[in-house]
Amino acid sequence: MPLRIVPLRLPGLARARLIKSAQLNSELELFHDNATGAGLIQIKALPDFIGADEEDLKADMAVLYELAELNSFDVFSLRNSLRDLKIDVRHAADLTLSPAMEARLTDYMKSFTRPLVVNVFGANTDNVRNSGQIIEMFTNVDRKVALKNMQKIAAMMNITVADIPDFLEKYGDIYLSLSYFRRCLDEIVPKFDQLTDWMDEMRGTMLRENQQLMDRCEAVRSGLNELLGSVTGRFESFDRNSQTFWDNISMESFQKLHAMITSHHETIGGVLCGLTVKLDAWETKFPHHTGSPHKRAEFVQSDLAPGLEKLLKLEHSAPSTIM
């Protein structure tokens, strides 16, 4: 998370970022360069690196400690988390996806925009790339056509035409968040399969006699499997609830759907964040998926295992997907 988006007192911190390590600890990244690497420090060590007014430093560190406890720094999780912490952001745009990221989510968004477009316009979604285009379809330059479309969905939802922009914005936003998280999950799954195969190769070496290590590896595999299975199940529930909404469309059913999906942002974001940083650490240390048995064993115990119980606890704390 770039610290420039939060109102800190020390200008020097605006260039820093808060990141999650493979052990799921939050650390300050003061600089990052491809040649020299990253300058990572713990928050408690900040006074040793920045000379500043003691009162300002103390105030900023208090904010940083609060931010460090967050499970994920993705924009959707941060919207809820920062509001709960009563921490404002400098600009509303700081908690939105970039146009480039939205473009990468086009194919994911189509599955969510299709029901709306088909039900209202009787058209396909091949040319719809984002929720903004749906809003444009409702505000067609032909006022008679635009009004007809708005009246149609207003009747379906039992709302007024004036309520439609708010509905469309919320509809687009929750499905943009689901598309973002689903894309993260889809990127994780093949890497996870490769990682488990990589760990299994240790069973064919002398380390197979180390029962404690083998049990540790099995616990890691089991934990990762449980996390992926549970998160995947949540997305399947979201799909079912979305279909139920269109089968029995109303503002009440939409509000329930919106509240249910939004309530999952922090837990889904936290679990996917944790899995991503662990897999990224693996690919960084073992770019060709090689490594001696002892190096692999060391990585399992130093990077994969730490924090796994925290992720499982977070997943178990997820709200119900029953509306």
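Across all non-hydrogen atoms, the minimal contact from A93 to T96 is O-OG1, 2.8 Å. In terms of heavy atoms, M202 sits closest to A297 at SD-N, 3.6 Å. Taking each heavy atom of S26 and F73 in turn, the nearest pair found is OG-CZ, 3.8 Å. The shortest heavy-atom contact between S253 and N248 is OG-O, 3.2 Å. The nearest pair of heavy atoms linking I159 to M251 is CG2-CE, 3.5 Å. Taking both residues in full, the closest heavy atoms of E66 and I87 are given as OE1-CD1, 3.9 Å, listed atom of the first, atom of the second, then distance.
The structure places CG of L224 at 11.0 Å from CG of D193, a figure rounded to the nearest 0.5 Å. With rounding to the nearest 0.5 angstrom, the CG atom of L195 is 9.5 Å from the CG atom of D200. Remark: K20 NZ to D280 CG distance equals 15.0 Å, nearest 0.5 Å. In this structure, the separation between CD1 on I41 and CG on L30 is 4.5 Å, given to the nearest 0.5 Å. Atom CG of D173 is separated from atom CG of L178 by 10.0 Å, given to the nearest 0.5 angstrom. Distance check, rounded to the nearest 0.5 Å: CZ of F31 to CZ of R15 gives 12.5 Å.
Contact of the L13 side chain with the V6 side chain is not registered, since no non-hydrogen atoms from C-beta on lie closer than 4.5 Å.
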Check step by step if side-chain contact (heavy atoms from CB on, under 4.5 Å) holds for N225 and T196. CA-CA 10 Å; N225 266 321; T196 52; 5.6 Å; no

K310 and N71: CA distance, side-chain angles, deciding distance, side-chain contact (heavy atoms from CB on, under 4.5 Å) verdict: CA-CA 10 Å; K310 179 180 179 181; N71 295 305; 3.8 Å; yes

Could you check S317 against L314 for side-chain contact (heavy atoms from CB on, under 4.5 Å), going step by step and ending with a plain yes or no? CA-CA 5 Å; S317 73; L314 179 63; 4.0 Å; yes

Go through the steps to decide whether S21 and Q23 satisfy the test side-chain hydrogen bond (donor to acceptor under 3.5 Å, both in side chains), and finish with yes or no. CA-CA 5 Å; S21 69; Q23 296 80 19; 3.3 Å; yes

Given the rule in the side-chain contact (heavy atoms from CB on, under 4.5 Å) test, do N241 and F245 qualify, once you have shown the distances and angles that lead to the verdict? CA-CA 6 Å; N241 286 320; F245 162 66; over 6 Å; no

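Checking side-chain atoms of R216 against main-chain N and O of Q301 turns up no donor-acceptor pair under 3.5 Å. For the pair K295 (side chain) and T290 (backbone), a donor-acceptor distance under 3.5 Å is absent. Judged purely by atom type and a 3.5 angstrom limit, T262 has no side-chain atom pairing as donor or acceptor with the backbone of A259. For the pair T232 (side chain) and L228 (backbone), a donor-acceptor distance under 3.5 Å is present. Panel note: side chain D94, backbone H91; a donor-acceptor pair is recorded below 3.5 Å.
Defined by atom type and a distance below 3.5 Å, a donor-acceptor pair is present between the side-chain atoms of S237 and R240. Side-chain N/O atoms of R296 and T205 include no donor and acceptor closer than 3.5 Å. A donor and an acceptor atom, one from each side chain of T160 and D163, are located under 3.5 Å apart. For the residue pair E201 / H289, no side-chain donor-acceptor distance below 3.5 Å is found, with atom types taken as modelled. Inspection of the Q243 and D239 side chains reveals no N or O donor paired with an N or O acceptor under 3.5 Å.
No more than 12 heavy atoms of other residues, nucleotides or ligands shown are found within 6.0 angstrom of CD on Q42. Within 6.0 Å of the CD atom in E283, the count of heavy atoms belonging to other residues, nucleotides or ligands exceeds 12. With a 6.0 Å radius and a threshold of 12 heavy atoms from other residues, nucleotides or ligands, N158 has its CG atom at or below the threshold. More than 12 heavy atoms of other shown residues, nucleotides or ligands fall within 6.0 angstrom of atom CD in Q211.
Using a 4.0 Å cut-off between charged side-chain N and carboxylate O, K170 and D166 make a salt bridge. Here K313 does not pair with E309 in a salt bridge; the nearest charged N to carboxylate O distance is not below 4.0 Å. Ionic pairing of E54 and K58 is not present here: no N-O contact between side-chain nitrogen and carboxylate oxygen is shorter than 4.0 angstrom. Salt bridge D53/R9: absent, no basic N to carboxylate O contact under 4.0 Å.
Across W246, F167, Y175, a single residue satisfies ring-ring contact (aromatic ring centres under 6.0 Å, His included) together with F254, and that is F167. Under the side-chain contact (heavy atoms from CB on, under 4.5 Å) rule, L67 has a single partner from L18, L8, L78, which is L18.
Note on M1: it does not cluster hydrophobically with I19, by side-chain heavy-atom contacts below 4.5 Å among ILVMFWY residues. Hydrophobic cluster membership is shared by F286 and L279, with clusters built from Ile, Leu, Val, Met, Phe, Trp and Tyr side chains linked at under 4.5 angstrom. Clustering ILVMFWY residues whenever any of their side-chain heavy atoms sit less than 4.5 angstrom apart, transitively, puts L40 in a cluster other than the one holding W282.
The aromatic rings of Y180 and F76 are tilted relative to each other, their planes meeting at an angle between 30° and 60°.
Aromatic rings of F181 and H264 (six-membered ring for Trp) have centroids beyond the 6.0 Å cut-off, not under it.
Listed by chain and number, the residues in a side-chain contact (heavy atoms from CB on, under 4.5 Å) with A14 are R4 (sequence neighbours excluded).
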